[in-house]
Amino acid sequence: MSVTIKGLDQVSQVLSELLPSEARALTRATVQQVAADIAKEATELAPAHDGTLKRSIKARRRNPRGRNMFESVVYVMRQAFYWRFLEYGQGPDGVEHAFMLRAWNDYRANASARYLDAFRKTLSRRVQRALRRG
C-alpha cells in the first residue's frame, strides 16, 4: 500500500479546523520526528571510540506544563558524560568534533524542507495506521 500526499498546507489547514485533536497529535509527532532526525545525524557524526556515545544520543519528548506548545529535545545519556569534552575539543585528542553543533546546523540550513518532510512522513504513517484500523 502506498500513500501519496499533495498539498500539505491544505491538509494542515483542514486538520486544524476540522480535527483539532488530530492536528495536535500530528504536530507533536512531527516535532518528535524532527528531533529524532537531528539525533540520528548527530549519532552518525559522533566519533566512535567504544560506541557508548553513539548509543547514548537520544531524542525525548518533553511536556512543558501550562503552555500550549510541544517540545522534543536531543540529549546524551549519563553514561557518555564526556560528550561535552569531545564536542568542544577538550578531550584526550584535543580535536573539536562539534558533532551536535554540525547536526543542528545541517538541520537549520534547510529547516523548512526537512520539517515538511518530517510532517509528510508522520502524516503518511498516521493515515496508514487509520486505514489498517478500518
Under 3.5 Å, which donor-acceptor pairs link side chains of residues 89-103 to any protein atom two or more places apart or in another chain?
unit_1	atom_1	unit_2	atom_2	d
Asp93	OD1	Val95	N	3.4
Asp93	OD2	His97	NE2	2.9
Arg102	NE	His97	O	3.3
Arg102	NE	Ala98	O	3.4
Arg102	NH2	His97	O	3.1

| Taking it one step at a time, do Val34 and Arg114 satisfy side-chain contact (heavy atoms from CB on, under 4.5 Å)? | CA-CA 8 Å; Val34 167; Arg114 290 186 63 179; over 6 Å; no

| request: Show your working on side chain to side chain donor-acceptor pair (under 3.5 Å) between Gln128 and Arg133 and close with a plain yes or no. | output: CA-CA 9 Å; Gln128 286 177 352; Arg133 279 192 240 146; over 6 Å; no

| message | Please determine whether salt bridge (Lys or Arg N to Asp or Glu O under 4.0 Å) holds for the pair Asp117 and Arg120, giving the CA-CA distance in whole Å, both sets of side-chain angles, and the decisive distance to 0.1 Å. | response | CA-CA 5 Å; Asp117 185 49; Arg120 181 188 53 78; 2.4 Å; yes

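Leu53 approaches Ala46 most closely through the heavy-atom pair CD2-CB, 4.0 Å. Contact between Pro47 and Leu86 at its shortest, heavy atoms only, is CG-CD1, 4.0 Å. Closest of all the heavy-atom pairs between Lys54 and Thr43 is NZ-O, 2.9 Å. Nearest heavy atoms, Ile57 versus Ala39: CG2-O, 3.7 Å.
Taking the six-membered ring for Trp and thresholds of 30 and 60 degrees, Phe119 and Tyr115 have nearly parallel ring planes, at less than 30 degrees apart.
The CG atom of Asp37 lies 12.0 Å from the CG atom of Asp106; values are rounded to the nearest 0.5 Å. Taking CZ of Arg61 as the reference point, atom CZ of Phe70 lies at 9.0 Å (rounded to 0.5 Å). Of the inter-residue distances, the one linking Lys121 atom NZ with Leu116 atom CG reads 12.5 Å to the nearest 0.5 angstrom. The OG1 atom of Thr27 sits 9.5 Å away from the CD atom of Glu22 when rounded to the nearest 0.5 Å.
The list of side-chain hydrogen bond (donor to acceptor under 3.5 Å, both in side chains) pairs with a residue in residues 69-86, not counting sequence neighbours, reads Gln32-Ser72, Arg60-Tyr75, Arg62-Glu71.
Qualifying salt bridge (Lys or Arg N to Asp or Glu O under 4.0 Å) partners for Arg28, counting only residues two or more places apart in sequence or in other chains: none.
Residue Leu26 is grouped with residue Val127 when hydrophobic side chains (ILVMFWY) are merged at heavy-atom distances under 4.5 angstrom, including chains of intermediate members. In terms of hydrophobic clustering, with Ile, Leu, Val, Met, Phe, Trp and Tyr side chains grouped at heavy-atom distances under 4.5 Å, Val76 and Phe81 are assigned to a common cluster. One hydrophobic cluster, built from ILVMFWY side chains closer than 4.5 Å, holds both Val74 and Phe85.
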